[in-house]
Amino acid sequence: MDEKILVLIPCYNEEENIVDTVEHFKATCPGVDFLVINDCSTDNSAALLQQHGYPFLNLPVNLGIGGGVQCGYLYAAHRGYDVAVQMDGDGQHDPAYLEAIVRPVLNGECDMCIGSRFIKKEGFQTSFMRRVGIRFLSGLIRLLCGKRVLDVTSGFRATNARMTAYFARHYATDYPEPEAILAACLAGFTVGEAPVVMRERQGGVSSISSFKSAYYMIKVSLALIIDRFSITKARGGKG
């Protein structure tokens, strides 16, 4: 691919994963630019990034996944990248599928393409309860904007320059993946999916524990509903 592509890798306390994740990416996608966003990690992540000479942003305060990724979108927009790709730092996203989510964006088929584990249902499918929650959020997003997206919590996604510029200005701060889909659709952007195979987290602890899952579902559901009516109000009741 001749276009300018930047892969954004958010990192918070990923000392067990980040080096293997980056090295696997570099071996699989040689020549593709990447940027690690270290979100004020309290472990050895920053030292490892510096030790290996990886390009990274070292945020002075913890912004959460949304704020960290938005910093990456700002960087990509200012540097004029054609496509920005979000890829988690925990080893779940396989860079072998980078072209699968980038190509529909470059071909103009969609403004954002999400890597979905639920199209072909291969590889790691996450836990049963999380799948139930994802299906619920998928149905809620479809109800709120009319767009059906299967893997609404997937953090493996590619955006074109227009979508990147939009996210650089407007992005949810906590667990933004579902909200970003709704915001993109309501703003008139097109969202698509491409089948990918994901792996289990290679080490460390997920930011969404089993204990927090119910809280997460309630919080995200309310945020989606509030977002929908806030945007409708801003448009003068249309939409």
Side-chain angles (χ1 to χ4, degrees), residues 1-10 21-22 24-26 28-37 55 57 65-66 68-89 92-120 122-123 134 137-138 141-142 145-172 175-199:
M1 292 180 283
D2 296 327
E3 293 80 6
K4 289 180 63 178
I5 298 168
L6 177 67
V7 174
L8 306 171
I9 307 176
T21 296
V22 172
H24 184 206
F25 168 78
K26 290 172 63 179
T28 307
C29 306
V32 177
D33 293 349
F34 70 94
L35 178 71
V36 181
I37 301 119
L57 295 179
I65 182 63
V69 171
Q70 187 173 25
C71 287
Y73 283 129
L74 279 165
Y75 182 95
H78 283 295
R79 294 299 180 97
Y81 280 92
D82 300 304
V83 178
V85 178
Q86 181 184 342
M87 189 182 83
D88 288 353
Q92 289 193 58
H93 300 155
D94 189 343
Y97 291 91
L98 181 73
E99 185 166 3
I101 64 170
V102 168
R103 184 54 58 190
V105 172
L106 291 177
N107 290 344
E109 298 170 27
C110 54
D111 298 300
M112 176 168 68
C113 185
I114 299 168
S116 174
R117 75 202 101 173
F118 302 135
I119 295 176
K120 292 187 176 180
E122 298 175 349
I134 290 168
L137 291 177
S138 174
I141 288 174
R142 187 176 186 181
C145 71
K147 175 64 180 178
R148 182 171 184 260
V149 176
L150 295 175
D151 204 344
V152 294
T153 64
S154 170
F156 194 23
R157 48 185 65 189
T159 57
N160 63 16
R162 288 179 60 248
M163 187 85 265
T164 298
Y166 179 83
F167 282 155
R169 301 189 306 272
H170 311 283
Y171 209 66
Y175 301 110
E177 286 84 5
E179 287 188 76
I181 295 170
L182 180 65
C185 291
L186 294 178
F189 293 96
T190 57
V191 177
E193 289 183 278
V196 301
V197 175
M198 294 188 188
R199 302 169 293 184

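Atom set for the values below is all heavy atoms of this structure, side chains included, hydrogens, waters and symmetry mates excluded.
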Where is the tightest heavy-atom contact between [X] and [Y], given as atom of each residue plus distance?
{"X": "Tyr81", "Y": "Ala161", "value": "O-CB, 3.9 Å"}
{"X": "Ala194", "Y": "Ile101", "value": "CB-CG2, 4.3 Å"}
{"X": "Ile65", "Y": "Pro176", "value": "CG2-CD, 3.5 Å"}
{"X": "Cys110", "Y": "Asn160", "value": "O-ND2, 4.2 Å"}
{"X": "Leu137", "Y": "Pro178", "value": "CD1-CG, 4.2 Å"}
{"X": "Leu6", "Y": "Ala76", "value": "CD2-CB, 3.8 Å"}

Could you state the interatomic distance from [atom1] ([X]) to [atom2] ([Y]), rounded to the nearest 0.5 Å?
{"X": "Gln92", "Y": "Arg117", "atom1": "CD", "atom2": "CZ", "result": "7.0 Å"}
{"X": "Arg79", "Y": "Leu74", "atom1": "CZ", "atom2": "CG", "result": "12.5 Å"}
{"X": "Tyr171", "Y": "Tyr73", "atom1": "OH", "atom2": "OH", "result": "4.5 Å"}

Discussion item. For Tyr166 and His170, take the angle between the two ring planes, folded into 0 to 90°, and tell me which bin it lands in: parallel under 30, tilted 30 to 60, perpendicular over 60.
Written reply: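 If you compare the ring of Tyr166 with that of His170, the planes turn out tilted.
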
Please confirm whether the backbone N or O of [Y] pairs with a side-chain atom of [X], one donor and one acceptor, at under 3.5 Å?
{"X": "Ser154", "Y": "Ile114", "answer": "no"}
{"X": "Gln86", "Y": "Phe156", "answer": "no"}
{"X": "Lys147", "Y": "Cys185", "answer": "no"}
{"X": "Asp82", "Y": "Lys4", "answer": "yes"}
{"X": "Glu193", "Y": "Leu150", "answer": "yes"}

Item to complete: Could you check Met112 against Ile181 for side chain to side chain contact (heavy atoms under 4.5 Å, CB included), going step by step and ending with a plain yes or no?
Response: CA-CA 9 Å; Met112 176 168 68; Ile181 295 170; 4.2 Å; yes

Practice prompt. Please assess Ile37 against Tyr75 for the test side chain to side chain contact (heavy atoms under 4.5 Å, CB included), listing each intermediate value before the final yes or no.
Written response: CA-CA 10 Å; Ile37 301 119; Tyr75 182 95; over 6 Å; no

With heavy-atom distances below 4.5 Å as the criterion, would you say the side chains of [X] and [Y] are in contact?
{"X": "His93", "Y": "Met198", "value": "yes"}
{"X": "Thr21", "Y": "Met87", "value": "yes"}
{"X": "Val69", "Y": "Phe167", "value": "no"}

Worksheet entry | side chain to side chain contact (heavy atoms under 4.5 Å, CB included) evaluation trace for Asp94 with His24 | CA-CA 9 Å; Asp94 189 343; His24 184 206; 3.6 Å; yes

Discussion item. Exactly one of Val22, Leu8, Val7 should register a side-chain contact (heavy atoms from CB on, under 4.5 Å) with Val36. Which one does?
Written reply: Val22

Worksheet item: What pairs meet the salt bridge (Lys or Arg N to Asp or Glu O under 4.0 Å) rule with one or both residues in residues 104-114, with sequence neighbours excluded?
Response: Asp111-Arg162

